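As a basis for the values below, the full set of heavy atoms in this structure was taken, side chains included, without hydrogen atoms, waters or symmetry mates. Indexing begins at 1, ligand by ligand and atom by atom, following the structure's order. Please read all numbers here as calculations on a predicted model, not as lab measurements. Counting begins at 1 with the first residue of the sequence.
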Amino acid sequence: MSQNPALPDTAEAASGTAAPTASTSPPAPTAPIDLVVRGGTVVEATWQGPADLFVAGGVVQAVVAPGTAVPAGGEGARVIDATGLLVMPGGVDPHCHVGFTSGEFTSLDDYRECTTAAVFGGTTTIVDFAIPRPGQAPLAVAHAQRAKADQGLCDSALHASVVDWDDTVPDQLRQLVGEGIVTVKMFTTYRGESMADADTILRTMQVLNDEGGMVVIHCESNPIIEEDQRKASERGEIDAGHMHTTRSHLAETAAVAEVLSIAETLGAPVYFVHQSTPEAIDLVADARRRGLSAYTESVAHHLVLDDSHYLGEHPERFVCCPPLRDRATVEALGGYLFNGEITTIGSDHCCYDTAQKLEHPDDVRIMPNGLPGVETRLPVIFSEYVSKKGLSPSRFVEVAATNPARVNGIYPQKGTLLPGSDADIVLWDAAAAWTVTTEGLHMATDYTPYEGLDVVGRPVTVIVRGAVVVENGELVDATPRGRHVPAHAVDLTAV
Ligand code: URP
Ligand code: ZN
Ligand code: ZN
């Protein structure tokens with residue numbers, strides 16, 4: 001059920017949107033209009049065209065033909081000139097770790113810091129993770145993480161996580177879904193940390209399938225990885241400079257195949273995070289064609305960066321799982337963005353710094369893995385794929401905002417500019433040329449993996465539930481207005 005009474009209850013009820021026609025008849029707002037975005041090109045996943053937006057009380061009231069008069073009562077509305085800009089739904093980052101502890105390391109940002117970087121990058125909703133440490137209960141961890149949402153500059157949703165099975169887990173899962181935490185992250189790797197066995201994966205999927213939830217899963221076969229790492233260690237090649245040789249394509253493919261088989265046995269939906277190889281995506285796409293609700297997330301760094309970075313000056317800064325792949329694989333992965341097989345793009349944001357990465361420079365098994373990226377996800381993907389390779393802005397919105405909202409059960413409150421949706425809006429300069437530097441970013445770390453990358457396109461003004469938070473590239477409102485967004489049962493019919 002939508003949290004917003006003005007919204008339809010299901011994604012289907014909200015579909016079928018068409019660009020506004022030349023009509024200038026004013027809409028019937030539910031409250032006096034207090035914000036107008038005029039003169040831009042609205043981009044939704046299903047259409048783009050010149051249109052103005054009327055907003056009241058933090059909610060989109062109408063998408064209207066350019067120049068439509070503001071209805072009576074809205075005379076004092078703030079008007080933002082979006083001439084020459086794209087007007088898109090704020091980004092929804094489906095994969096963002098905030099203050100994430102794994103092994104001996106905790107990533108360095110909190111909700112305020114992470115969401116500050118997010119809004120600078122055009123993202124207005126993050127989906128974080130509540131991952132139990134050994135001995136912790138999923139429900140309690142989710143409650144603790146959810147309580148941090150109000151520190152954010154923008155809204156957040158949450159993936160719970162199950163690592164170990166016990167008799168209390170089914171009731172915890174039912175309660176989580178009932179409270180609007182409907183996606184549950186699982187891992188087939190990271191033994192002794194967050195790895196779940198196949199029994200636990202199957203049982204968790206089963207309960208979630210009954211309740212309207214969904215497993216989201218990191219797939220790399222742990223036995224294959226441990227064997228590859230053992231051999232690499234024997235060769236003296238277990239340092240960051242050999243990261244790409246320690247986690248094979250085969251490890252990813254094998255785990256995806258097993259998890260798909262489990263999901264198919266149950267008829268359960270499943271979402272694969274950070275898929276990094278064409279073979280893995282093909283398995284998921286084939287399953288979807290057989291009728292399974294199976295989805296692919298790709299993350300920005302796998303779509304842009306390649307394994308040559310492991311041969312550079314700072315290989316540790318690129319240590320992530322799965323690792324960066326060779327250039328041919330990166331190019332092939334990008335093709336799946338064009339052919340529709342990639343459902344969402346996440347950041348897999350993990351805000352470690354170089355000092356943390358360098359505590360164990362010679363052993364990727366204990367080095368913290370993960371890259372900072374919540375702020376660069378949208379600009380880098382827009383630049384590399386829309387500006388340089390001709391991906392349509394609508395497809396960009398689909399993978400960066402609309403589909404992430406859909407698969408996480410927060411559409412149409414998030415991920416669209418449909419009337420009734422939260423007025424999370426990004427005004428985007430598609431022609432702005434700039435160079436990514438650490439100094440120019442706001443993440444709580446000392447590096448970006450995209451240092452020196454020339455980029456075309458960037459967010460200019462970012463609006464969170466009707467409040468202008470970033471204006472002309474400057475943070476103008478640091479009020480911690482974040483809310484936890486409860487999800488409804490996942491509805492995958494439109495994805
Ligand atoms: O290397 C990564 N991706 N670290 C973050 C945890 C995860 O696996 O998503
Ligand atoms: Zn992962
Ligand atoms: Zn992750």
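Side-chain atoms of Thr265 come within 3.5 Å of backbone N or O of Ser261 as a donor-acceptor pair.
Residue Tyr190 places a heavy atom less than 4.0 Å from ligand 1. Residue contact annotation: Lys185 has a non-hydrogen atom under 4.0 Å from ligand 1.
The distance from the CG atom of Asp228 to the CD atom of Glu226 is 10.5 Å, given to the nearest 0.5 Å.
By the criterion of a heavy-atom distance under 4.0 Å, the side chain of Cys350, and not its backbone, is placed next to ligand 1. In Asn369, the parts holding a heavy atom less than 4.0 Å from any atom of ligand 1 are both the side chain and the backbone.
Taking the six-membered ring where tryptophan is involved, the planes of His218 and Phe187 are tilted, since the angle between them lies from 30° to 60°.
When all heavy atoms of Asn369 and Cys320 are compared, the closest pair comes out as CB-CA, 4.0 Å.
Using a cut-off of 2.8 Å, one finds that His218 contributes an N/O/S atom close to the Zn ion (ligand 2).
The side chain to side chain donor-acceptor pair (under 3.5 Å) test with Arg325 is passed by exactly one of Glu252, Glu331, His244: Glu252.
For the pair NE2 of His95 and OD1 of Asp348, the angle whose vertex sits at the Zn ion (ligand 3) is 80° to 10 degrees.
In terms of polar-atom proximity, defined here as any N/O pair under 3.5 Å, Cys321 does make such a contact with ligand 1.
The protein atom (non-hydrogen) at minimum distance from atom 3 (N) of ligand 1 is Asp348 OD2, 2.6 Å.
Closest N/O/S atom of His97 to the Zn ion (ligand 3): NE2.
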